[in-house]
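Here the structure is laid out as structure tokens; the discussion comes afterwards.
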Amino acid sequence: MKKYQLAKPYIGAEEKEAVCSVLSSGVLSLGPITLKFEKQFAKRIGTRYACAVSSGTAGLHLALLAAGIGPGDEIITTPFSFIASANAILYTGASPVFVDVDSETGNIDTKKIEKRITRRTKAILVVHIFGHPAEMSDVMRIAKKHKLKVIEDACEALGAIHRDRNVGTFGESAVFAFYANKQITTGEGGMIVTNKKGIYRMCLSMRNQGRSSDMQWLEHERLGFNYRMDEMSAALGVTQLGRIHYILRERARIAQLYEKNLRPFQDYVIVPQTLKNNTRSWFVYTVRLKGNVSHRNAIIQRIGKMGISTKPYLPSIHLSEFYRKTFRYKSNMFPVSELVSASSIALPFYIGLTNSDIRYIVSKLILAIKSFQK
Ligand SMILES: *Cc1c(COP(=O)(O)O)cnc(C)c1O
């Protein structure tokens, strides 16, 4: 029986060589490769600055702190995201204020933002979920009107384009992530991008224990963290970024193969759509069950028995145990997010899948769905 995992990094000989050459160099952190990765990354996105950090989560934390977010502030964001986006807000002492999502894209429903703005609202942390750009024209208009900052969680969206503009260039800052299931990986890692020198310098300082770049050895001017990226990770990043064009093209091609193979089965599943004026950067391939979704977990189990790993993607943040317990969130508070969460199945998605692999995965998926229908 052929086995299919959910995601797989695209790692070749060049990556291995790059990491080994760092190991031979003897400089394993705060070295030239991290600087090179930052320069090349900023160039690819089209921002003036980039600051490499140890994870996407660390990047979000610093981006929020650098924006001056702290205790008492409210930050608007969505519950349909990886939990890190809301957690990063909590780290600063501020409160996440959830706004429900659009059912088609899973991104923030911009019509519902203004109702949630209060005197304490300081920023919108907008997530480009599954690599589909959020409706940034609306987000930026609302932010301007209410004098809010915008920070982009672009952790799933490297290479995505909204109205001819790269995702990551709209907000005061944006954060990308390089965990092994993202479009490019450094093992663990993240990147903050910005056009503002002050934000950039603050992030540099805070990732390195509060030391500013022009200060003496072991002088610290603020509370900082160890959120540095190491040189082996940066070497992976430089190599992966060099292949980004191919990686994005291949992922888009594989998504198209899924779409083609799923077309006859539209009575069973809803396939992801990309709205006009957007280029999606394919992060996962997630379908949604049509109609009754109560067998979703059982379907996932059944497909798993056939050697195919699939996952609910994503659970809504507000219904996770920690958020329920701490903030008394309940079902039906964000019904669209909850429905998308309850109906979703992420299918195996990585470079190397062929049309026949995908035909096989789709046939087993449909078989499993049918087996639960009376
Ligand atoms: C992956 C991801 C993050 C966090 O990235 P890590 O590198 O795992 O810390 C944040 N937000 C979203 C939407 C993500 O998908």
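Counting starts at 1 for both ligands and their atoms, following the listed order. All values below were derived from every heavy atom in this structure, side-chain atoms included, with hydrogens, water molecules and symmetry-related copies excluded.
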Q: Look at the aromatic rings of Phe283 and Tyr313 and report parallel, tilted or perpendicular, splitting at 30° and 60°.
A: tilted
Q.
I need the full list of salt bridge (charged side-chain N to carboxylate O under 4.0 Å, His left out) pairs touching residues 65-80, with sequence neighbours left out, sorted by first then second residue.
A. Asp73-Lys122
Under 3.5 Å, N/O to N/O: give me all the pairs between ligand 1 and the protein, one per line with atom names and distance.
| residue | atom | partner | partner atom | Å |
| --- | --- | --- | --- | --- |
| ligand 1 | 7 (O) | Gly56 | N | 2.8 |
| ligand 1 | 9 (O) | Gly56 | N | 3.4 |
| ligand 1 | 9 (O) | Thr57 | N | 2.8 |
| ligand 1 | 9 (O) | Thr57 | OG1 | 2.4 |
| ligand 1 | 11 (N) | Asp153 | OD1 | 3.4 |
| ligand 1 | 11 (N) | Asp153 | OD2 | 2.8 |
| ligand 1 | 15 (O) | Glu156 | OE2 | 2.6 |
| ligand 1 | 15 (O) | Lys182 | NZ | 2.7 |

Q: With sequence neighbours left out, write down each residue that passes side chain to side chain contact (heavy atoms under 4.5 Å, CB included) with Lys2, or none if nothing qualifies.
A: Tyr4, Asp357
(Q) Check whether Lys290 reaches the backbone of Gln266 with its side chain - one donor and one acceptor, N or O, closer than 3.5 Å. (A) yes
Q: Using the six-membered ring of Phe349, assess whether NZ or CZ of Arg251 lies under 6.0 Å from its centre and within 45 degrees of the ring axis.
A: no
Q. Partners of Arg243 by salt bridge (charged side-chain N to carboxylate O under 4.0 Å, His left out), sequence neighbours excluded?
A. Glu14, Glu15
